[in-house]
Amino acid sequence: MESNSVKGFDSEIVGHFGPYGGRFVPEALIAALDELADAHVRAQADPEFHKELTNLHRTYTGRPSIITDARRFSEYAGGARVLLKREDLNHTGSHKINNVLGQALLTKRMGKKRIIAETGAGQHGVASATAAALFGLECVVYMGEADTKRQALNVARMKLLGAEVVPVTTGSKTLKDAINEAMRDWVTNVQTTHYLLGTVAGPHPFPTIVRDFQRIIGVEARQQVLDLTGKLPDAVLACVGGGSNAIGIFHPFIEDKSVRLIGFEAGGKGVETGFHAATISGGSPGVLHGTRSYVLQDKNGQTVESHSISAGLDYPGVGPEHAYLNDIGRAEYRPVTDDQAMYAFSLLCKSEGIIPAIETAHALAGALEIGNELGKDATLLINLSGRGDKDVQTAADYFGIPL
Amino acid sequence: MLTQLDNLFAQSKSQNRAILIGYLPAGFPTQRKAKKIIKAMIDGGVDAIEIGYPYSDPVMDGPVIQAASEEAINNGAGVSEVFELLKTSVDFGAPSVVMSYWSPIEKYGVDRFAHEVAKNGGSGIITPDLTYEESNNWKIEAEKNSLNRIYVVAPSSSNDRLAKVTNECSGFIYAASLMGVTGARTSVSVNAKQLVERIRSVSNKPIAVGLGVSTSQQAQEVATYADGVIVGSAFIKIVQEFGAGRNGLKKIKQLAKSLSEGIKSAR
């Protein structure tokens, strides 16, 4: 299986972000990764591809997503102006659709008929199942058994969309193990199957591809904020699990040195307790799922189980580009505990009439913190990455609302 | 400098036979029992041993080795058990290597890990998820410590890729017989023979075939064209079914014997 290489694409360039990224995978997958990198480079250079994707976003996703000026919420954030980039209003309810539609088009271009995906909260699984239905692809979604329970609604959604959901019962039974199982499937079925990875982690070219498809969030938001306020925001905030919504909104601001980029990781019960998923704040450099980045691991190099009230952030790794942005000081990463996130969750519900995803609530808790630090003259842009319909059960349990 | 493994392959080549390589994760089911299992494998006719580093996220392994790794980790197996079992195996007289996912090696420190493998008499390390592009550090340390660098190639590897990867290999080239994870299969895929032929066209280093081999007949078939036959899950399955008491160890030895006989009758 020789991959057709195009001019300008060099398979020797293996996607490093400083010391991070790269490829730590069985040789069996190299040909498929090369093929994918190749398809991506060709697509990026092809105006037809962009036209098709833009059209899909306009007529199917509902892009561009709007900006909401959260005036009542801002009172709790030190009076700072809080602008919400409403990715929750996308079809399927989160930013995940941006990447999924892009990769589904690549799948079609590679002539593959089957996609597999991992999912934590179920948002990426739902988006993948949706794209599979739209493009007539077979779809299998791997989901940790623990997550199938706390996100039962999304499991049903995926099934309604025609996908097969495979509960993963190994290891911690969460997102990490779902990725392991998806990788095993891919090694076995790589000739017919595209692994539609949902975040900016994994081996090259995934961190680059997913970022390129999520950049649209930041590209739109940057212009929208300029149009609305006449200047750039003081800080851009996002929650970080694997980090796809965060890189999507950060990336177009990287050259704008005056704009602080701040990612909020899942601090669980507190980083000091060990029960958290704050990989950059509480982890160290290592290798997981095909890439080198910050990882939660013990002295034997074993991955440590992560903990978060949010299934979508419950992952012991993080995208390699975030690790790099952290090390060079361009972005900062802070932990937010379950309790802080749930307080912000409730606050947005009651002050703005928006029920956010619990993942996103971590960024909102961050906005309360940063707003109070920067004061009322500051403008904060927050990626409202997903809506909270899927989290009603978890939130009801947390707040003691009988169902 | 030649390793014990290099010498073994040189010797088997002169005898016109393939060798039998057995795999066991360190600390499985316990470290004490693992030592006895290794002994039984060698007594039955296993020529060389791979000591597996039990890792929390073994994406190349099927359910059998996953379960064994998990059990070993739960019983406290880590880097010290890997080095200790390696030494035990070498002391029993079998050229031995470590097989490990890259994460634990990098965590421990590539330089320290390589040094410990050499110090405990190991011949090298099999690195199933390390690409040669990420190997600069390992290459330096392997040379410093006179260790074999054993990479795994697959049926999907392009000819160009095969040439590059096998050029980096020493000791032997690990040919994955099929596209998939470890575990016994009812038949060894025809891909294996084709892959070995493709490797022969770019390299004259020894080639061992792994993934899916569990019976004497399969071992015999593979030994007609490969220089080594790797068996892992089949041994582990015996332990999972029969334990590692007298009965289990007897069955381990019997399997090693029948695999070894299959190999010897191949040419």
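To find a chain, count down the sequence lines: A is the first, B the second, and so on, and within it residues start at 1.
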**Asked** Is it the case that more than 12 heavy atoms not belonging to K87(B) sit under 6.0 Å from its NZ atom?
**Response** no
**Request:** Tell me, yes or no, whether the heavy-atom count around K107(B) atom NZ, taken from other residues, nucleotides or ligands under 6.0 Å, exceeds 12.
**Result:** yes
**Message:** Which residues in residues 116-128 of chain B have any heavy atom closer than 4.5 Å to a heavy atom of chain A?
**Reply:** P128(B)
**Prompt:** What residues, two or more places apart in sequence or in another chain, satisfy side chain to side chain contact (heavy atoms under 4.5 Å, CB included) together with T215(B)?
**Reply:** Q217(B), Q218(B)
**Request:** Could you tell me which residues in residues 21-35 of chain B have at least one non-hydrogen atom under 4.5 Å from a non-hydrogen atom of chain A, sorted by residue number?
**Result:** none
**Asked** Which bit of P54(B) comes within less than 4.5 Å of chain A, counting heavy atoms only: side chain, backbone, both or neither?
**Response** backbone
**Request:** May I ask you to decide if S56(B)'s main-chain N or O and T303(A)'s side chain share a donor-acceptor pair within less than 3.5 Å?
**Result:** no
**Request:** Before giving the answer on side-chain contact (heavy atoms from CB on, under 4.5 Å), spell out for Q302(A) and Y55(B) the whole-Å C-alpha distance, their side-chain angles and the decisive distance to 0.1 Å.
**Result:** CA-CA 6 Å; Q302(A) 311 291 1; Y55(B) 174 53; 3.5 Å; yes
**Item:** Under 4.5 Å from a heavy atom of chain B, the part of D298(A) involved
**Value:** backbone
**Request:** Could you tell me whether Y225(B) atom OH has more than 12 heavy atoms of other residues or ligands within 6.0 Å of it?
**Result:** yes
**Item:** chain A contact via Y108(B) - side chain, backbone, both or neither, heavy atoms under 4.5 Å
**Value:** neither
**Request:** Name the member of D185(A), T188(A), N189(A) that forms the most heavy-atom pairs with chain B at distances under 4.5 Å.
**Result:** T188(A)
**Prompt:** Side chain, backbone, both or neither: which part of V79(B) has a non-hydrogen atom closer than 4.5 Å to chain A?
**Reply:** both
**Request:** Applying side-chain contact (heavy atoms from CB on, under 4.5 Å), run through L130(B) and F24(A) and close with a yes or a no.
**Result:** CA-CA 5 Å; L130(B) 182 68; F24(A) 296 85; 4.0 Å; yes
**Prompt:** Between S156(B) (side chain) and A28(A) (backbone), is there a donor-acceptor pair under 3.5 Å?
**Reply:** yes
**Asked** Considering only heavy atoms from C-beta outward, does the side chain of R184(A) approach that of P58(B) to under 4.5 Å?
**Response** yes
**Message:** So, using ring-ring contact (aromatic ring centres under 6.0 Å, His included) as the criterion, who are the partners of Y333(A) when residues are at least two apart?
**Reply:** H322(A)
**Item:** Engaged part of V165(B) at the chain A interface, taking heavy atoms whose separation is under 4.5 Å
**Value:** side chain
**Prompt:** Can you say whether I73(B) sits under 4.5 Å from chain A via the side chain, the backbone, both, or neither, judging by heavy atoms?
**Reply:** side chain
**Pick from V181(B), D129(B), V153(B) with the largest number of heavy-atom pairs that fall under 4.5 Å of chain A** = D129(B)
**Request:** Taking the side chain as every heavy atom from C-beta outward, state whether Y101(B) and V287(A) have any atom pair closer than 4.5 Å.
**Result:** no
**Per-residue contact mode, S284(A) against chain B (heavy atom under 4.5 angstrom)** = side chain
**Electrostatic pair E134(B):R23(A) at N-O distance under 4.0 angstrom** = no
**Prompt:** Among K299(A), M183(A), R292(A), E181(A), who wins on heavy-atom pairs under 4.5 Å with chain B?
**Reply:** R292(A)
**Item:** Backbone N/O of N300(A) and side chain of Y53(B): donor-acceptor pair under 3.5 Å
**Value:** yes
**Request:** Among Q66(B), E70(B), M60(B), single out the residue with the greatest number of heavy-atom pairs under 4.5 Å to chain A.
**Result:** Q66(B)
**Prompt:** With respect to chain A, which residue among A154(B), A77(B), S103(B), P104(B) yields the maximal number of heavy-atom pairs within a distance under 4.5 Å?
**Reply:** S103(B)
**Chi angles and distances behind the side-chain contact (heavy atoms from CB on, under 4.5 Å) call for I30(A), T131(B)** = CA-CA 9 Å; I30(A) 295 293; T131(B) 52; 3.6 Å; yes
**Prompt:** Within a strict 4.5 Å, meaning less than it, do heavy atoms of the D57(B) and N180(A) side chains meet?
**Reply:** yes
